[in-house]
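So you know, we letter chains A, B, ... as the sequences are listed, proteins then strands, and number each from 1.
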Amino acid sequence: MGQPDPVLRFPAVHAGDGPPHRAEDRGCAAGDGRGPRPAHRGLPEGIRRPRRLRRGGGMMEERRSQPIEDRLRKLAALRELGVESYAYRFPVDHATVAARQAFEAAEAQGTLQPDGAGPRVQVAGRLVSLRAHGKTLFADLADRSGRLQLYFRQVELGPEAFRILALLDVGDWVGASGPLFRTRMGEVTLRVSAFQLLAKAVRPLPFAKEEVDEDAGTRRVHGDFADVEQRYRQRYADLAVHPEVRQVFVARARLTSALRRVLDAQGFIEVETPVLQPLYGGASARPFVTHHNALDMQLFLRIADELYLKRLIVGGMERVYEISKDFRNEGIDRTHNPEFTMLEFYQAFADYEDMMRLVEELLGAAMTEVLGAGRRAQFQEHSIDFTPPFRRISFLGALREHGQLDTDQLSDQALREQARAAGVPDADALNRPHLLDELCKTLGEPHLIQPVFVTDYPRELSPLAKPKRGDATLVERFELFVAGREIANAFSELNDPFDQRQRFEAQMVLRAGGDEEAQQLDEDYLRALEYGMPPTGGVGIGIDRLVMLLTDQPSIRDVILFPTMRPAQAGE
RNA sequence: GCGUCCGUAGCUCAACUGGCAGAGCAGGGGACUCUUAAUCCCAAGGUUGAAGGUUCGAUUCCUUCCGGACGCACCA
């Protein structure tokens with residue numbers, strides 16, 4: 001018979017990569033002289049399911065479920081048939097979407113064979129649906145680009161290969177090749193002439209089933225993997241069954257590379273500064289504490305990159321940035337994860353006005369990358385317009401506008417009354433700048449839906465920012481708010497070492513007064529400033545929150561692949 | 001850390017004021033050569049998150065613990 005071997009026997013390595021693998025390392029090896037057995041779906045004799053479940057031992061400590069037992073038995077059956085369940089490689093020449101496009105192109109050009117066959121392709125992916133029909137079987141194969149239907153026929157593959165097919169499960173990784181055609185139902189499909197098991201899934205994946213209601217044109221999903229806890233804990237399973245989740249992380253990667261492109265194009269240098277720091281600083285937050293054994297010293301995980309990046313400005317690097325994890329020992333909620341990703345960049349000879357324009361440009365690039373040409377993003381119930389320039393409002397102006405507070409006219413005591421009335425907790429313990437800060441958070445920020453730069457903060461709230469020209473009670477600082485959340489924080493950086501020392505000393509006083517988040521005096525940083533830091537604009541952008549905003553994800557855990565979780569119970 | 005709600009088969013969910021823990025899908029056996037939530041027949045699948053308590057009897061009521069979601073606090 002001139003039939004090609006129905007089961008692929010791709011060499012495990014490229015020619016020239018090394019010696020060929022032994023035959024038993026190759027793919028399915030079916031026809032081995034066994035008499036023709038009636039092809040049937042299911043487990044061969046002798047490996048049928050025992051009456052009682054086995055317990056313990058082997059790969060999983062937990063009690064094995066029946067589906068797992070069944071798959072393990074199929075694994076054994078495959079081994080008996082000489083089929084390797086965990087392959088080495090499989091050369092793919094088309095992604096599933098590209099295969100469909102290739103067929104449609106051939107169709108449009110009228111180059112299909114008389115029997116309707118289009119180009120031959122070789123694809124690989126996970127089986128996400130199996131529909132057996134006696135001597136034929138339809139399957140859906142999913143790869144990162146999409147899905148392609150596979151059509152297996154016993155008459156074409158032969159009984160031995162068809163028997164192997166019966167041992168495959170939803171979730172298995174499979175490679176397949178053959179010509180494309182269009183079924184009677186109109187779906188572009190691969191008529192499989194050869195296939196290879198690439199990796200057996202011994203644990204069932206919770207693929208959903210989708211029902212399309214012809215009348216309403218709607219689609220209903222059945223049995224989706226919906227337990228959010230399990231989706232976060234077993235992100236691999238979440239990603240495997242939810243292409244839309246994969247898309248969020250693809251968008252995230254594109255976003256960060258778009259930000260890098262903009263900064264690189266403007267002469268910024270990407271650098272890496274210490275995560276382990278003997279003193280932490282650059283933000284107001286409580287740190288994680290760790291210990292170095294050999295040095296026998298306490299170290300902190302950084303809460304910000306700021307002070308190291310500005311040392312580099314002192315060193316003459318002029319434009320630097322870092323995209324990295326920061327760590328803050330705070331609560332966890334919808335917008336906070338203990339480790340999170342921050343972009344910080346610093347530009348010599350620039351002030352915060354320059355930084356506002358650069359932030360607008362960066363957000364524009366990020367939007368184009370994630371959402372295409374438009375300047376509007378839908379985030380939850382808000383339609384947000386990112387057309388620059390963004391609105392600007394001063395910190396005190398925001399309080400006036402949204403809190404109806406003319407703070408110049410209010411004494412500390414009157415301010416405290418207002419704070420109490422607004423529901424600020426512990427209002428009695430706060431000094432004037434912190435009262436203003438709390439009032440702004442409570443009264444102002446929730447209203448800042450469209451992008452707005454809030455500028456010129458009270459000096460005491462910003463110990464690393466330069467005094468505002470013309471009003472020394474304020475500093476040149478802005479925060480960008482979108483959808484009620486802070487997205488960016490920036491200053492004209494304080495480069496006067498004498499002023500900086502005083503600011504640190506003021507923080508020390510707060511610290512002595514019990515403020516755990518007050519910044520520490522960093523003598524080495526002051527020494528750097530004494531060597532002279534040029535005027536500098538600096539910005540920090542919370543990447544996770546930006547990704548949330550542009551991909552419309554309500555929880556930070558939906559944009560972090562492996563969010564921080566408590567350890568699960570044993571056996572879970 | 002505090003409050004509210006939740007935890008039942010591999011997945012998604014039922015189970016009335018306490019009365020033998022069920023279904024769909026997945027999985028197993030059988031039928032089926034263009035299906036797509038394939039269909040049809042059959043059989044199976046459970047420490048009801050964990051430990052105590054009340055009760056003749058607990059998925060249900062009570063206590064504690066574990067984990068999660070949401071809200072508050074802290075923060076970006």
Side-chain angles (χ1 to χ4, degrees), chain A residues 40-43 48-49 51 53 62-71 73-74 116 128-140 147 149-156 162 169-171 181-187 189 191 201 203-213 219-233 237 241 283-286 303-304 326 328-338 340-342 423-426 441 479 481 485-489 516-517 540-546 548 554-557 565-572:
Chain A
H40 62 87
R41 184 144 170 69
L43 301 175
R48 286 177 192 269
R49 181 192 288 160
R51 297 182 74 100
L53 296 182
E62 70 200 77
R63 185 180 57 79
R64 289 179 190 165
S65 68
Q66 195 175 76
I68 289 179
E69 290 287 348
D70 289 332
R71 285 164 182 247
R73 233 164 278 115
K74 288 180 186 177
V128 297
S129 170
L130 292 174
R131 299 178 294 283
H133 298 263
K135 296 185 175 62
T136 67
L137 183 148
F138 285 92
D140 292 334
R147 289 185 176 196
Q149 181 167 258
L150 306 181
Y151 181 40
F152 298 84
R153 297 199 302 167
Q154 192 191 60
V155 68
E156 192 157 353
F162 212 71
D169 286 295
V170 166
F181 74 109
R182 197 181 278 281
T183 65
R184 274 181 216 153
M185 302 299 287
E187 181 156 348
T189 299
R191 180 181 286 124
R203 194 181 280 275
L205 276 167
F207 285 103
K209 285 199 161 191
E210 285 190 358
E211 176 185 17
V212 180
D213 189 324
R219 122 185 323 199
R220 287 201 295 158
V221 176
H222 302 264
D224 191 18
F225 185 38
D227 182 330
V228 289
E229 176 180 352
Q230 293 309 321
R231 289 178 52 200
Y232 295 142
R233 288 190 192 282
V241 305
S284 299
R286 289 155 68 191
I303 58 171
D326 287 345
R328 299 190 185 175
N329 210 337
E330 309 282 356
I332 296 176
D333 64 24
R334 225 166 63 259
T335 58
H336 296 84
N337 195 62
F340 62 103
T341 302
M342 181 83 104
V424 171
D426 294 328
K441 277 184 181 154
E479 292 188 302
F481 286 90
R485 297 140 193 251
E486 181 192 339
I487 297 297
N489 182 22
E516 284 184 75
E517 293 178 353
I541 295 180
I543 296 296
D544 311 276
R545 289 182 178 183
L546 184 56
M548 287 168 66
S555 167
I556 197 168
R557 291 180 156 189
M565 306 278 282
R566 276 205 173 83
Q569 289 168 278
E572 201 177 323

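Considering only residues two or more places apart in sequence or on other chains, Arg334(A) meets the salt bridge (Lys or Arg N to Asp or Glu O under 4.0 Å) condition with none of them. Under the rule for a side-chain contact (heavy atoms from CB on, under 4.5 Å), the partners of Thr136(A) that lie at least two apart in sequence or sit in another chain are His133(A), Tyr151(A), Arg153(A). By the salt bridge (Lys or Arg N to Asp or Glu O under 4.0 Å) test, Glu330(A) is found to be paired with no residue, residues two or more places apart in sequence or in another chain being considered. Contacts of Gln149(A) classified as side-chain contact (heavy atoms from CB on, under 4.5 Å), with partners at least two apart in sequence or in another chain: Arg131(A), Phe138(A), Asp140(A), Thr183(A), Glu187(A), Thr189(A). Legend: residues meeting side chain to side chain donor-acceptor pair (under 3.5 Å) with Arg328(A), ordered by chain and number and at least two apart, are absent.
In this pair, Phe340(A) lays its aromatic ring flat on the base of A76(B), centres within 5.5 Å and planes under 30 degrees apart.
The nucleotide C25(B) finds its pairing partner in G10(B), both defining distances of the Watson-Crick or G-U wobble pair being shorter than 3.5 Å.
Between the side chain of Thr183(A) and the base of U35(B) there is at least one donor-acceptor pair of N/O atoms closer than 3.5 Å. Taking 3.5 Å as the limit, the base of U35(B) and the side chain of Glu187(A) contain no donor-acceptor pair of atoms between them.
Nucleic acid contact class of Ser284(A) (heavy atoms, under 4.0 Å, all strands): sugar-phosphate only. Using a 4.0 Å heavy-atom criterion, one finds that Arg545(A) contacts the bases of the nucleic acid, with or without backbone contacts as well. As judged by a 4.0 angstrom heavy-atom cut-off over every strand, Arg485(A) is placed among residues making no nucleic acid contact. Within 4.0 Å of Arg191(A), counting heavy atoms only, lies at least one base atom of the nucleic acid. Looking at heavy-atom distances under 4.0 Å, Asn337(A) makes contact with a base. Residue Asp227(A) is classed as a sugar-phosphate contact, given heavy-atom separations below 4.0 Å to backbone atoms only. Heavy atoms of Phe152(A) sit nowhere under 4.0 angstrom from any nucleic acid atom. When heavy atoms are screened at a 4.0 angstrom cut-off, Gly542(A) is found touching no nucleic acid atom at all.
A residue-by-residue look at Val170(A) and Pro204(A) shows that Pro204(A) has its nearest nucleotide of RNA chain B further toward the 5' end. Nearest-nucleotide positions on RNA chain B place Arg566(A) closer to the 5' end than the other of Ser555(A) and Arg566(A).
C56(B) and A15(B) have their P atoms separated by 27 Å, with the value rounded to a whole Å. Taking the C1' atom of each, A21(B) and C66(B) are spaced 24 Å apart, rounded to whole Å. The P atoms of G53(B) and G71(B) are separated by 38 Å, rounded to the nearest whole Å.
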Give me, pair by pair, the N or O atoms of the protein and of nucleotides 40-42 of chain B that are less than 3.5 Å apart, along with how far apart they are.
none

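Straight-line distance from the CZ atom of Phe225(A) to the P atom of C25(B): 21 Å, rounded to whole Å.
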